[in-house]
2 protein chains.
Amino acid sequence: MCRHCDYKELLKASGLESNSNRIRVMEIVGNSSYPLSAQEISDTIDRTASINRVTVYRILDLLVEKGLLDRISAGDRSFRYGMAPNAHHRHHPHFYCRQCSAMECLSPESVHLDTAFLERTFPGAIEKVEVRLDGICKNCLQKLLK
Amino acid sequence: MCRHCDYKELLKASGLESNSNRIRVMEIVGNSSYPLSAQEISDTIDRTASINRVTVYRILDLLVEKGLLDRISAGDRSFRYGMAPNAHHRHHPHFYCRQCSAMECLSPESVHLDTAFLERTFPGAIEKVEVRLDGICKNCLQKLLK
DNA sequence: CGGCAATATGCAACCGAATTGCATGAATGT
DNA sequence: ACATTCATGCAATTCGGTTGCATATTGCCG
Ligand SMILES: [Mn+2]
Ligand SMILES: [Mn+2]
Ligand SMILES: [Zn+2]
Ligand SMILES: [Zn+2]
């Protein structure tokens, strides 16, 4: 999906050693057209050389902390992971289907969000803005109608 | 906090019997200046006549389903509950402090969000839009600096 | 009122996603 | 080679929240 990203380079740029597990996780997330759960990432990894579930969680934590990945709230109690905004990936909103729990990335232009005023006046430190739309996805809508 | 809301009336209007437990939950949520966790609601209830934890969860589920309350994703794995948008409560964004896990309601005008285009063109059904800002709250910022 | 169905509540057990503790394995530096 | 640091695996645990099922309360009809 993303042929712009040199994951090894991205890791280096964030001051992280780039081992094969980290690169694998970055690739899987970067290649996905929608944000992935830790479970989905782990399952994908298991199709080649498997990494322990806990290690995957720890790698995800690390990559989020270093700002390479975004941890995204789904409408349920789980998290999804996607590329953090960078030169090649603009910040964008997501859609969550409460029927099938699938998430979709929406285009950066799909909604207009202006936080400039708040950023200037809010007394705390704003680090991230998350916009999530909830509802029923196209697929589930069709199934429900018949 | 909200002297506009007749909770008994709101329940009735949504086709729900209004018993004391439901009214109690509505009051607690409606009187709060920030969205509350089920735990916080339960703790508040326990200061008077206590209701079983599970019953609180079930009442919350019901009120969310009927559109009286909003279930809001915090930045962690828990939910918060606030009044759903209605005649007296405009839809508004929230702030989540990753340090102390506190949430704040932001004013409806604080950010400008335009989803009109998406609402027209999105192939699924959009039922809800959530805007959450994450960071460090004013309080925690001060503590960190000294 | 009595009888009975429908709802609401309580309690214990359970669940899934994520986290922790601790032992072991790899990598790095001297 | 050896010590130090960092990465990984495995088992056990935590945390919000949910389910199953028994009991209580309510609403409704005669
Ligand atoms: Mn995305
Ligand atoms: Mn609010
Ligand atoms: Zn769906
Ligand atoms: Zn805080």
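Because only heavy atoms are used, hydrogens play no part in the values below, and waters and symmetry mates are left out as well, while side chains stay in.
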Practice task
Using a cut-off of strictly less than 4.0 Å, decide whether N52(A) has a side-chain nitrogen or oxygen near OP1 or OP2 of dT8(D).
Solution key: no

Problem - Residue pair R132(A) / S73(B), side-chain donor-acceptor N/O under 3.5 Å - result: yes

Fill in the blank from the handout: Of E17(B) and Q39(B), the one whose closest nucleotide on DNA chain D sits nearer the 5' end is Q39(B)

Fill in the blank from the handout: Those residues at least two apart in sequence (or on a different chain) that pass salt bridge (Lys or Arg N to Asp or Glu O under 4.0 Å) with R90(B) are E109(B)

Handout entry: OP1 or OP2 of dT26(D) under 4.0 Å from side-chain N/O of N19(B)
Key = no

Exercise for the section: Tell me whether the OP1 or OP2 atom of dG9(D) has a side-chain N or O from T55(A) closer than 4.0 Å. Expected result: yes

Handout entry: From CG (N31(A)) to OG1 (T44(A)), nearest 0.5 Å
Key = 10.0 Å

Fill in the blank from the handout: I41(B) CD1 to dG17(D) C1', in whole Å, measures 13 Å

Problem - Presence of donor-acceptor pair under 3.5 Å, side chain of R53(A) and base of dG9(D) - result: no

Completion exercise
Its 5'-most and 3'-most nucleotides having an atom under 4.0 Å from a non-hydrogen atom of chain A, DNA chain C is contacted over dG16(C) to dG21(C)

Completion exercise
Closest of dG27(D), dA12(D), dG17(D) to the R77(A) side chain is dG17(D)

Handout entry: Trace of the side chain to side chain contact (heavy atoms under 4.5 Å, CB included) decision for R71(B) with D134(A)
Key = CA-CA 11 Å; R71(B) 173 181 283 124; D134(A) 291 353; over 6 Å; no

Handout entry: Proximal nucleotide (of dT18(D), dG16(D), dG9(D)) relative to the V54(B) side chain
Key = dT18(D)

Completion exercise
Distance col, row R80(A):CZ vs M103(A):CE, nearest 0.5 angstrom, shows 6.0 Å

Problem - DNA chain D contacts made by residues 57-65 of chain B, counting heavy atoms under 4.0 Å - result: Y57(B), R58(B), D61(B)

Handout entry: Atom pair CG (D46(B)) and CD (Q39(B)), whose distance is rounded to the nearest 0.5 Å
Key = 8.5 Å

Problem - Derivation of the salt bridge (charged side-chain N to carboxylate O under 4.0 Å, His left out) call for E9(B) and K12(B) - result: CA-CA 5 Å; E9(B) 215 32 66; K12(B) 280 284 164 61; over 6 Å; no

Handout entry: Distance (rounded to the nearest 0.5 Å) between F122(A) CZ and E104(B) CD
Key = 4.5 Å

Exercise for the section: Have a look at D76(B) and say if it touches a base, only the backbone sugar-phosphate, or nothing, with a 4.0 Å heavy-atom cut-off. Expected result: nothing

Completion exercise
Between CG of L36(B) and P of dG16(D) the distance, given in whole Å, is 15 Å

Exercise for the section: Would you indicate what R22(B) reaches in the nucleic acid, counting non-hydrogen atoms under 4.0 angstrom: base, sugar-phosphate, or nothing? Expected result: sugar-phosphate

Practice task
In whole angstrom, give the distance that lies between atom NZ of K66(A) and atom P of dA7(D).
Solution key: 10 Å

Handout entry: Heavy atoms from other residues, nucleotides or ligands near NE2 of H88(B) exceed 12 (cutoff 6.0 Å)
Key = yes

